[in-house]
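Encoded as structure tokens, the structure appears first; notes follow it.
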Protein chains: 4
Amino acid sequence: MGRTGPHRDPELTAKILASTHELICTKGPRAVTINEIAAHAGVGKQTIYRWWPTKASVVIDALEQQFASDNPFPTTGSAKDDLRAQMRAVARTFSSPTGSMIRELVAQSQGDPALADDLRTRFVAERRSGGATALRAGIDHGQIRADLDIEIALDLLYAPLWMRMLLGHQPLDEPSVDAIVDQVWPALAA
Amino acid sequence: MGRTGPHRDPELTAKILASTHELICTKGPRAVTINEIAAHAGVGKQTIYRWWPTKASVVIDALEQQFASDNPFPTTGSAKDDLRAQMRAVARTFSSPTGSMIRELVAQSQGDPALADDLRTRFVAERRSGGATALRAGIDHGQIRADLDIEIALDLLYAPLWMRMLLGHQPLDEPSVDAIVDQVWPALAA
Amino acid sequence: MGRTGPHRDPELTAKILASTHELICTKGPRAVTINEIAAHAGVGKQTIYRWWPTKASVVIDALEQQFASDNPFPTTGSAKDDLRAQMRAVARTFSSPTGSMIRELVAQSQGDPALADDLRTRFVAERRSGGATALRAGIDHGQIRADLDIEIALDLLYAPLWMRMLLGHQPLDEPSVDAIVDQVWPALAA
Amino acid sequence: MGRTGPHRDPELTAKILASTHELICTKGPRAVTINEIAAHAGVGKQTIYRWWPTKASVVIDALEQQFASDNPFPTTGSAKDDLRAQMRAVARTFSSPTGSMIRELVAQSQGDPALADDLRTRFVAERRSGGATALRAGIDHGQIRADLDIEIALDLLYAPLWMRMLLGHQPLDEPSVDAIVDQVWPALAA
DNA sequence: CGTTAAGCGAGACGGTACGTCCTGTCTTAAC
DNA sequence: GTTAAGACAGGACGTACCGTCTCGCTTAACG
């Protein structure tokens with residue numbers, strides 16, 4: 001029962017994801033509609049709905065493609081330095097156009113549990129696992145105290161960045177990141 | 001040269017905000033429309049649009065009114081106890097239907113700068129000022145170290161709660177709040 | 001319908017009717033709202049609704065005031081000349097801004113029987129009675145045939161003018177009026 | 001080159017026009033809204049606005065469709081008989097629910113030049129051309145005088161019917177039509 | 001090498017909510 | 001006490017976007 005006919009065109013997928021990314025960066029997350037994405041990609045609307053169940057899932061794919069290239073987790077031997085470097089990279093991403101896509105996804109995921117799950121599984125968990133590894137390494141090297149609850153520690157480090165991206169109540173630049181790390185460090189250090 | 005003619009009817013304002021809150025709690029934030037709010041409040045649609053520029057600003061007012069009744073900041077003399085009590089209350093609110101309203105507002109505010117500003121000014125800043133006061137009292141009483149950056153400290157305490165509400169990657173119950181406080185405390189204590 | 005009882009302030013009445021006339025002439029019959037009339041007259045809306053039941057009745061009063069000054073029915077002794085002169089005057093009025101008011105009234109009266117009745121009684125009948133008198137005089141003078149049905153004759157003379165005003169399918173100038181009179185005359189002449 | 005994709009669905013057009021006609025006949029021309037037409041036709045509102053610029057243009061199409069089925073112009077050889085028969089049919093239509101549609105259109109066309117033009121071109125002119133043909137045939141057969149101005153003659157015959165429909169100042173029944181024809185005939189006869 | 005099922009651009013479709021506008025009534029504050 | 005200013009309930013309007021569906025064309029795997 002082999003299917004006949006043409007299959008999914010990878011070139012189209014790329015065009016759609018690229019258009020999604022470009023439009024969100026250009027016009028803001030809210031202003032982008034499926035119609036616009038389709039038109040900008042020179043693609044029929046159905047071609048999008050054939051492969052993605054909803055607009056948010058297009059955005060999440062576009063985000064993943066974009067994010068894959070960034071943020072190789074550094075390993076210098078110093079847990080604090082590694083975490084700071086990684087947090088700087090995250091802050092940079094959060095401030096960049098790619099951050100707009102993340103914000104859009106978080107927005108959409110409120111009231112769309114499936115998307116929320118996707119976002120947690122495919123994006124948040126991914127980022128956190130890197131941090132968790134660094135923390136565990138720090139524990140092994142005696143730089144971080146052994147009784148640390150890793151999940152809470154990750155929240156202490158990353159949640160301020162998320163909150164600043166989503167609410168904008170405080171800056172999200174490099175000095176701020178460093179200040180956060182410095183201030184929270186006594187709670188983590190061995 | 002004072003205005004003549006009728007003024008804004010405070011009773012109507014109350015009815016509209018109450019209807020907004022009730023409908024959002026009943027049907028979820030996404031399913032509520034201006035038409036429904038108007039119908040449920042027994043009010044013409046124009047009466048809403050006369051005083052609020054958009055649906056989101058109605059929700060933010062409803063939220064403020066609702067939140068105002070909760071969370072009178074406690075003052076027992078122990079900064080840690082006060083902060084923990086306040087954070088427990090916040091976590092409780094974040095988990096309640098009122099939390100749905102906040103999530104919806106954060107969602108809408110991504111890509112609506114005016115709303116984002118409103119949300120920051122009229123809601124977030126309000127909450128933070130209470131925490132800031134408690135932190136300063138703790139410094140005065142020698143319970144908290146004097147060189148603390150208060151804004152960062154507030155992020156360390158509250159951002160995990162916000163992030164857990166918005167992403168749901170970790171629980172938001174009382175034990176979790178206590179664990180966060182305990183874990184972060186070495187970074188704040190004198 | 002129309003007015004109920006004497007107006008308290010005749011100056012206000014005049015301001016309202018004048019504003020109505022001016023606005024209809026300026027912006028076209030359709031674009032004028034009660035709000036605009038009130039604002040332009042420097043008058044509260046209620047002051048209008050106190051004396052007139054609906055917008056149309058304001059317009060009909062404004063029209064009557066305007067029309068009263070025009071069209072004194074001429075009497076030269078020649079029925080044909082008198083009718084032609086009167087029809088020329090009517091055509092002139094129909095082509096003028098005042099014609100816009102009449103068109104608006106006819107428009108409103110479709111689907112508003114009370115207004116239709118008002119219009120017939122206070123405006124149409126008024127015009128026709130002048131024509132009927134002229135026709136009867138012509139019969140008495142032996143210029144018009146005695147077995148004429150006057151109502152039908154009035155329609156033959158005036159209906160083309162009304163129809164041209166309302167539909168615009170043919171011109172409404174002086175030569176056209178003269179041509180109509182000349183062409184219909186054999187049906188009326190003794 | 002040739003368009004691809006779906007085209008205008010003629011079945012929908014028919015459903016919309018039929019619903020329009022039925023609703024106007026049932027509830028009167030004034031009470032009908034686009035929403036109702038759409039709902040009754042089982043159609044999205046946008047589908048109406050996609051093809052017609054305004055409600056009035058929907059009505060005019062519905063009217064044309066309705067009127068087309070009536071009034072095949074009769075040809076018996078006697079110009080007077082033919083015209084009388086046609087005028088009786090027009091009077092009947094003017095008195096019927098279809099007449100309500102015409103009245104509503106005339107009303108709307110005051111102050112909407114585009115609609116007025118549509119009405120003239122697609123409805124009035126259509127009706128008049130039939131009458132003009134009959135008059136010319138009468139001239140050819142020596143029944144009607146050769147120097148007749150046909151446009152004026154059409155006004156003499158039909159304008160009374162229009163005026164009676166729009167103003168209701170005189171009856172619009174069969175005897176009235178006959179009386180009009182009889183009275184005007186001396187002005188037309190050879 | 002032809003058949004045939006699927007992919008594709010285009011865009012019409014039913015539906016839902018939006019925010020604006022206007023009407024006719026009701027309310028307030030000033031003169 | 002009358003008036004202006006204008007808030008109020010109600011409801012139609014025309015727009016925007018969603019996600020589905022249909023059209024006619026093109027393409028690639030199977031036979």
Side-chain angles (χ1 to χ4, degrees), chain A residues 1-9 11-12 15 30-39 41-55, chain B residues 1-9 11-13 30-39 41-55, chain C residues 8-9 12 30-39 41-50 52-56, chain D residues 1-9 11-13 15 30-39 41-55:
Chain A
M1 57 138 260
R3 22 200 290 251
T4 83
H7 291 187
R8 180 168 186 169
D9 182 342
E11 199 177 322
L12 282 181
K15 266 203 294 182
R30 215 55 185 202
V32 178
T33 70
I34 286 274
N35 275 336
E36 263 178 313
I37 293 173
V43 143
K45 242 196 310 187
Q46 190 56 42
T47 302
I48 297 182
Y49 281 113
R50 186 159 20 240
W51 305 115
W52 291 275
T54 172
K55 185 174 74 162
Chain B
M1 126 136 221
R3 276 204 26 226
T4 88
H7 291 188
R8 181 169 186 167
D9 184 340
E11 200 177 320
L12 282 181
T13 304
R30 234 35 184 236
V32 177
T33 71
I34 287 273
N35 270 337
E36 266 177 313
I37 294 173
V43 142
K45 220 184 338 178
Q46 190 57 46
T47 301
I48 298 181
Y49 281 114
R50 185 160 21 242
W51 304 114
W52 291 275
T54 171
K55 185 174 73 161
Chain C
R8 273 311 165 91
D9 186 342
L12 280 181
R30 217 55 184 199
V32 177
T33 70
I34 285 275
N35 275 338
E36 264 177 313
I37 293 173
V43 143
K45 251 199 302 188
Q46 190 54 42
T47 304
I48 297 181
Y49 280 113
R50 194 171 0 254
W52 291 274
T54 173
K55 186 175 72 162
Chain D
M1 235 322 24
R3 282 208 15 231
T4 87
H7 294 188
R8 181 170 186 169
D9 184 340
E11 201 177 319
L12 282 181
T13 304
K15 267 203 292 182
R30 233 33 184 238
V32 176
T33 71
I34 287 271
N35 269 337
E36 267 178 312
I37 294 174
V43 143
K45 217 182 344 177
Q46 192 57 46
T47 301
I48 298 181
Y49 282 114
R50 185 158 23 240
W51 302 115
W52 291 275
T54 171
K55 184 174 71 162

With rounding to the nearest 0.5 angstrom, report the [atom1] to [atom2] distance, [X] to [Y].
{"X": "B:D9", "Y": "B:T47", "atom1": "CG", "atom2": "OG1", "result": "9.5 Å"}
{"X": "C:I48", "Y": "C:T54", "atom1": "CD1", "atom2": "OG1", "result": "11.0 Å"}
{"X": "B:T13", "Y": "B:W52", "atom1": "OG1", "atom2": "CH2", "result": "4.5 Å"}

Measure [atom1]/[X] against [atom2]/[N] and give the value in whole Å, please.
{"X": "B:I48", "N": "E:dC21", "atom1": "CD1", "atom2": "C1'", "result": "16 Å"}
{"X": "D:I37", "N": "F:dG14", "atom1": "CD1", "atom2": "P", "result": "11 Å"}
{"X": "B:E11", "N": "F:dC8", "atom1": "CD", "atom2": "P", "result": "11 Å"}
{"X": "A:W52", "N": "F:dT20", "atom1": "CH2", "atom2": "C1'", "result": "18 Å"}
{"X": "D:D9", "N": "E:dG11", "atom1": "CG", "atom2": "C1'", "result": "13 Å"}

### Query
Using a cut-off of less than 4.0 Å, is there contact between a side-chain N or O of A:T47 and OP1 or OP2 of E:dG9?
yes
### Query
Choosing from F:dA7, F:dA4, E:dG14, which nucleotide comes nearest the side chain of B:R50?
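Side chain of B:R50 sits closest to F:dA7.
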### Message
Heavy atoms from C-beta onward define the side chain here; which of F:dC8, E:dC8, E:dC13 lies closest to that of D:W51?
### Response
E:dC13
### Message
Quick one, A:W51 and A:L12 - any side-chain contact, counting heavy atoms below 4.5 Å?
### Response
no
### Task
Check whether any side-chain heavy atom of D:Y49 sits under 4.5 Å from a side-chain heavy atom of D:I34, and report yes or no.
yes
### Message
For C:L12 and B:G44, find the nucleotide of DNA chain F closest to each by heavy atoms; which residue's nucleotide sits nearer the 5' end?
### Response
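So the residue in question is C:L12.
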### Query
Closer to the 5' end of DNA chain F via nearest nucleotide, is it D:P53 or B:G42?
B:G42
### Nearest-nucleotide 5' precedence on DNA chain E, D:V43 against B:T54
D:V43
### Task
Could you tell me whether a side-chain N or O of C:K55 sits under 3.5 Å from a main-chain N or O of C:V32, the two making a donor and an acceptor?
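Yes, because the side chain of C:K55 sits within donor-acceptor range (under 3.5 Å) of the backbone of C:V32.
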### Message
Please give me the minimum heavy-atom distance between D:A38 and D:G44, naming the atom from each residue.
### Response
CB-C, 4.3 Å
N/O to N/O distances under 3.5 Å, protein versus nucleotides 15-18 of chain F:
unit_1	atom_1	unit_2	atom_2	d
F:dC18	OP1	A:I34	N	3.4
F:dC18	OP2	A:I34	N	3.1

